[in-house]
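So that the names make sense, note that chain A is the first sequence line, chain B the second, and so on, each numbered from 1. What's counted below: heavy atoms across the whole structure, side chains too, no hydrogens, waters or symmetry copies. Everything numeric in this text was worked out from a predicted model, so none of it was measured.
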2 protein chains.
Amino acid sequence: MNETVVLTPERILEATEDVLRRFGLAKATVVDVARALDVSHGSVYRHFPSKASLRDAVAKRWLDRANEPLCKLAAASGPAPERLERWLRTMFAIKQKKVCDDPEMFATYLALAQDAREVVEAYKDKQVDLLAKVLSDGVAQGVFAIDDVKATARAVFDATVRYHHPAHAEEWAKPECPSRIEALISLLLKGLEAPRKH
Amino acid sequence: MNETVVLTPERILEATEDVLRRFGLAKATVVDVARALDVSHGSVYRHFPSKASLRDAVAKRWLDRANEPLCKLAAASGPAPERLERWLRTMFAIKQKKVCDDPEMFATYLALAQDAREVVEAYKDKQVDLLAKVLSDGVAQGVFAIDDVKATARAVFDATVRYHHPAHAEEWAKPECPSRIEALISLLLKGLEAPRKH
DNA sequence: GCGCTGACAGATTTCAATATCTGTCAGACG
DNA sequence: CGTCTGACAGATATTGAAATCTGTCAGCGC
């Protein structure tokens, strides 16, 4: 079965990710991808209409993989404040890990964030939705007092931009970073909390 | 008196600012500055040891001018929450105005922020100090409950990064921006506020 | 037929020669 | 004397010609 290996979008994405990692976003070409797959570059265009769409698809896959732990956390149960804190810290950790371990892919993501809005916007919206889920759980539990959950989820996302937006990546390794994250999270939690009943 | 106009650092800075505005950061050269002043470029190097130091000095002047209204606001009296909100909104407005009215200088500032840390770091520290001043006034007034004023001032500064850091400038013109600022500020104020005594 | 190839036009990138700029300094000029 | 000039070396930027890449498509081979 499969005596001659078929060319699938999946295989192309795999090869593209390899090529990107090997040559970097700036140097990688569609011809390189085709060479890696041992086909003509015309064949690649049969599956993806443009180089940009190929790059976007790779980035989307990468983002989806990165996002998985956050989806799970948002779906979990337990006290909302703890879950929110955990969710935020996990998001920061994922980003920081990526920027260290997979710098070429991170550069790709950064370039994408700059000139191919749609994919990244959708991804952000998804994350805000996850945040909103945790916040509304907190409201249901009576531990958060929030008027407009969606707007507040956005506000939390905006407030933490410094620790998840790639534009600030170079600051994440600094020694004072953890304590600043600490202060930020506790300020935000205090702002979300419902007044205690005693 | 002053029959032959003397070459002062001040005059050089003036001319440099003009040249930057005219040609943009990428194209402006020390030779251009010298030409504008009708001296040889060697003379400019008598007052500034390098092109970078000249650029930094121009940016510092520009930042100081921009900062002035914020200093005044921090020094004012009145209820801290209102002053904090006003201070933040003023900072956002200044940045937004600059990016519209003076795009070349803003580009200079952006480039500076990327590769000449010191000047910009000092400027940020100053702003955090101003914020801390307002917060500690609020503590004195009994309207803010804050453990570590300095750390909280940093947290507020970090939380609002999206609306004052040049990396996010392109988002400031979007229509949903004001309502997101609204949500962010009210979340932060809620986090700072002392529990009401009734 | 279906999927792939390879040649092609136009756009983009590379590369090396050339020009310009940065930063220095010995000496002119007042 | 102190300030400024202008020539200089090395670094950086510009330029335009050649190479490469992107995206298309007619036609080959299974």
A/T29 side-chain proximity, nearest of C/dT22, D/dC21, D/dG23: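 Of C/dT22, D/dC21, D/dG23, D/dC21 is nearest to the side chain of A/T29.
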Ring pair (Phe, Tyr, Trp, His ring centres under 6.0 Å) against A/Y45, all qualifying residues, sequence neighbours excluded: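 For A/Y45 there are no ring pair (Phe, Tyr, Trp, His ring centres under 6.0 Å) partners, ignoring immediate neighbours.
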Separation between CD1 of B/I94 and CD of B/E68, rounded to the nearest 0.5 Å: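 Rounded to the nearest 0.5 Å, the CD1-CD separation comes out at 10.0 Å.
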Just how far, in rounded Å, is [atom2] of [N] from [atom1] of [X]?
X: B/L54; N: C/dC21; atom1: CG; atom2: C1'; value: 14 Å
X: A/F23; N: D/dC21; atom1: CZ; atom2: P; value: 10 Å
X: A/Y45; N: C/dG6; atom1: OH; atom2: C1'; value: 15 Å
X: A/K51; N: C/dT13; atom1: NZ; atom2: C1'; value: 11 Å
X: B/F48; N: C/dT24; atom1: CZ; atom2: P; value: 15 Å
X: B/L25; N: D/dA13; atom1: CG; atom2: P; value: 11 Å

Ring centre gap for A/H168 and B/H168 strictly below 6.0 Å: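 When the ring centroids of A/H168 and B/H168 are compared, they turn out to be within the sub-6.0 Å range.
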Below 4.0 Å: OP1/OP2 of C/dT13 and any side-chain N or O of A/K27: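 No, A/K27 has no side-chain N/O under 4.0 Å of OP1/OP2 on C/dT13.
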Letter per nucleotide, 5' to 3', of nucleotides 4-9 of chain D [B base touched, S only sugar-phosphate touched, - untouched; heavy atoms, 4.0 Å]: BBBB--
Pairwise salt bridge (Lys or Arg N to Asp or Glu O under 4.0 Å) hits with a residue in residues 43-53 of chain B, at least two apart: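 Matches after skipping sequence neighbours: none remain.
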Intermediate values then yes/no, ring-ring contact (aromatic ring centres under 6.0 Å, His included), A/Y163 and A/W172: CA-CA 7 Å; A/Y163 300 105; A/W172 298 342; 7.8 Å; no
B/Q127 vs B/W87 side-chain heavy atoms within contact, under 4.5 Å: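 Result yes, sub-4.5 Å side-chain heavy-atom pair found.
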